[in-house]
Amino acid sequence: MDYNKLANLLFPQIKKTPADYEAIYPPRNLPEGAKVTRLGPSPTGFIHLGNLYGAFVDERLAHQSGGVFFLRIEDTDDKREVQGAIPMLIQALHHFGVNFDEGATMNGEVGDYGPYQQSKRGEIYQCFAKYLVSQGLAYPCFMTEEEIAAVREEQEAKKVNPGIYGEYAKCRDLSFEEVVDRISDGQEYVIRFKSNGSLENHFTVVDAIRGELTMPENDQDVVILKKTGIPTYHFAHVVDDHLMRTTHVVRGEEWLSSLPIHVALFNALGWELPTYCHTTVLMKMDGETKRKLSKRKDPELSLEYYKQEGYHPLAVREYLLTILNSNYEEWRIANPDAPAEDFQFTAEKMSSSGTLFDLDKLNDICKDVLAKMSAEEVLRYMLDWAEEYQPAIAAMMKDDPDKMIKIFSIDRGGDKPRKDLVYCRQIFHFISYFFDDHFMIEDDYPAEVSMKDAKAILNRYFQEYDENDDNPAWFEKMKAMAGDMGYAIKPKDFKKNPDQYKGHVGHVSNVIRLAITGRTNSPDLWLIQQIMGKEQVRGRIAQAFQDIG
RNA sequence: GGCUCCAUGGUCAAGCGGUUAAGACACCGCCCUUUCACGGCGGUAACCCGGGUUCGAUUCCCGGUGGAGUCACCA
């Protein structure tokens, strides 16, 4: 069989040779040790936390080593493509601090190793497919869906591995004439890799995250070119990552099982393997069991969700880095104010067991991140969020920026900043009592205080409240009132002799707190009232008095 | 089912033959405090099981068990 003849029959339009492409895409001129990584999303318009997690690995590995991080669009499946997905993806990643040096961008492509969209690289893949055919390492396969299904049935009956390989690869040894006949007959075909591997033989590769991996050789005649001439992922990955000179391939562990295919392909083409970094999948609790994050089942884990809720990108990044590198957390404790970029990230320190997504931890990290920001930064951040998702709230906040700054300044800075701001939606709710339109009584009056007393407290407070009182003076009045009404002035006294008092001054002030903020817990009440102003304070007190009836 | 990966408290995890088995989150208690929060102190809680190897296994090997992933002309 003259494979060259076959190759020319199949790919008459392909004139370039592999050597031509080697010349067009020469090895990159980078310093020793620089890593080249890439993100290769398919433009389905959906990206979740797990994708971001992987993107951080790519980004850190490349930028920490003075290398290149590029974006390649893997759009070889036209059925799944979603319009406008690419800019959305770039923006979403940018929002979380992931930026590319090369590849697809908002304004076309940047870089010398393009095109960076697989749908535009048809000729390149075909050239290498042609080469494989010419070497007798690939062949046209005319099997129809029905034939393949029949083979599968037979294999299931025989309890052998399913797939097209060995004796089941019916088009493996077609003669040149037969191929000509079938083509002129109008039969459609795919190009399959002619595997010479065996499940009996094992090979090992070193994964940067997992160490040495042992796997059986690939024995499947996998499709490398679909009948449309478009490559499958396997083939595109091998050709692209070689030609784009990727040094480190970071991808989820769901790819582990197709690694033998990729290794076989790299070998067949005579290329050096990149360093693989198979990350663990991010898991989620689903009832009693863990399972991989799924785009269909877990829309709440999409990046868009975190943006909508107003999670600070730095916090999300911080969280992901925490679960990404086991020594990050300790480093962060030792270097609370250093930029995350200073951390020396290593693939070896990455976990290889499935990680459960922990919202509590994310929230905790959010608190720390927000506590370090200035009031101005918090306001800016809230406004950015609100303008996009809650325009009415944005307008309201912009109405009185000075007041907003005061609100966000409460217990901010200093050694012990409050940490009760988590994410925008929560933050707005947290401060909502400052706005009459959003004010609601959310808690109950303290159990220690009778309704009758509550009314009396509100009434006296209404009479005595003077916004010119400073904090100690204001609280003196509170204590006086508590004492007069049979409540302990010092909480300790009440604790010691609970029978002698109705309650303590904290309970009394909580009546006021509830009237003013709608809750039994809030930051310093005096400060809140100073920010609100006399009118609003008296209004709330009067309203509460009325509501009790 | 075949193949592969994984296995330390509820969660994330350190550990890489000898440790009182770190730390963080969550939880509980105490202190501080007009509330909450912050902060401080303390606490509950773990090496999946069974065989080896070894003077000694959480650590190395084998076998189970459990979890996950994958078996497409999807990525």
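The sequence lines fix the lettering, A, B, ..., with proteins before strands; numbering per chain opens at 1. Note that the coordinates shown come from a computational prediction; the quantities given were computed from them, not determined experimentally.
Closest contact between the side chain of A:Arg418 and the listed nucleotides B:C36, B:C5, B:C12 involves B:C36. If you check B:U4, B:G15, B:C36 against the side chain of A:Asn521, the one that comes closest is B:C36. Checked against B:C6, B:C71, B:C73, the side chain of A:Arg152 finds its nearest nucleotide in B:C71. Comparing B:U34, B:C38, B:C73 by their closest approach to the side chain of A:Asn471 singles out B:U34. When the nucleotides B:C3, B:C6, B:U70 are ranked by their closest atom to the side chain of A:Glu254, B:U70 comes out on top. Considering only the side chain of A:Arg192, B:C73 comes nearest among B:C71, B:C73, B:U35. Residue A:His202 places its side chain closer to B:U4 than to any other of B:G39, B:C12, B:U4. In the set B:G23, B:U70, B:G2, the nucleotide with an atom closest to the side chain of A:Ser257 is B:U70. The side chain of A:Lys419 lies closest to B:G39 when the candidates are B:G39, B:C6, B:C73. Each of B:A13, B:C73, B:U4 was ranked by its minimum atom distance to the side chain of A:Thr355; first place goes to B:A13.
Looking at heavy-atom distances under 4.0 Å, A:Val190 makes contact with a base. Contact annotation for A:Arg519: no contact, since no heavy-atom pair falls under 4.0 Å across all strands. A:Ser351 comes within 4.0 angstrom of the backbone, heavy atoms only, and of no base. Across all strands shown, A:Asp411 has no heavy atoms under 4.0 Å from either base or sugar-phosphate atoms.
Both the sub-6.0 Å distance and the 45° axial angle are satisfied by A:Arg540 relative to the ring of A:Phe439.
When the P atom of B:G39 is taken as reference, atom CG of A:Asp368 falls 7 Å away, rounded to whole Å. Between the OH atom of A:Tyr461 and the C1' atom of B:U34 there is a distance of 12 Å, rounded to whole Å.
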Would you mind writing out the side-chain donor-acceptor pairs for residues 350-362 of chain A within the sub-3.5 Å range, not counting sequence neighbours?
unit_1   : atom_1 : unit_2   : atom_2 : d
A:Ser351 : OG     : A:Ser353 : N      : 3.2
A:Ser351 : OG     : A:Ser353 : O      : 3.3
A:Ser351 : OG     : A:Ser353 : OG     : 3.4
A:Asp358 : OD1    : A:Asp360 : N      : 3.1
A:Asp358 : OD1    : A:Lys361 : N      : 3.4
A:Lys361 : NZ     : A:Glu329 : OE2    : 2.8

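At a cut-off of 3.5 angstrom, the base of B:C36 holds no donor-acceptor pair with the side chain of A:Arg513.
At the phosphate of B:A14, OP1 or OP2 sits under 4.0 Å from a side-chain N or O atom of A:Ser326. OP1 and OP2 of B:A24 both lie 4.0 Å or more from every side-chain N or O belonging to A:Thr322. One finds a side-chain N or O of A:Lys226 lying less than 4.0 angstrom from the OP1 or OP2 phosphate oxygen of B:A75. Contact between the side-chain N/O atoms of A:Lys367 and the OP1/OP2 oxygens of B:G39 is not found at any separation under 4.0 Å.
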- Task: Treat a base pair as Watson-Crick or G-U wobble with both distances under 3.5 Å, then lay out RNA chain B in dot-bracket form, 5' to 3', with | for cross-strand pairs.
- Result: ((((((((.[[[..)..(....]]].(((((.......)))))....[[[[[..)....]]]]])))))))....
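Projected onto RNA chain B by closest heavy-atom contact, A:Pro523 and A:Met283 fall at different nucleotides, the more 5' of which corresponds to A:Pro523.
No side-chain donor-acceptor contact under 3.5 Å links A:Asp219 and A:Ser195. One side chain, A:His429 or A:Glu442, offers a donor N or O that lies under 3.5 Å from an acceptor on the other.
For the salt bridge (charged side-chain N to carboxylate O under 4.0 Å, His left out) test with A:Asp411, the passing option among A:Arg418, A:Lys416, A:Lys406 is A:Arg418; the others fail.
Note on A:Asp240 versus A:Arg121: salt bridge recorded, some NZ/NE/NH1/NH2 to OD/OE distance being below 4.0 Å.
A:His262 and A:His234 have tilted rings, their planes meeting at an angle from 30° to 60° on a 0 to 90° scale.
Within the structure, the ring-ring contact (aromatic ring centres under 6.0 Å, His included) test picks out no pair touching residues 203-230 of chain A (sequence neighbours left out).
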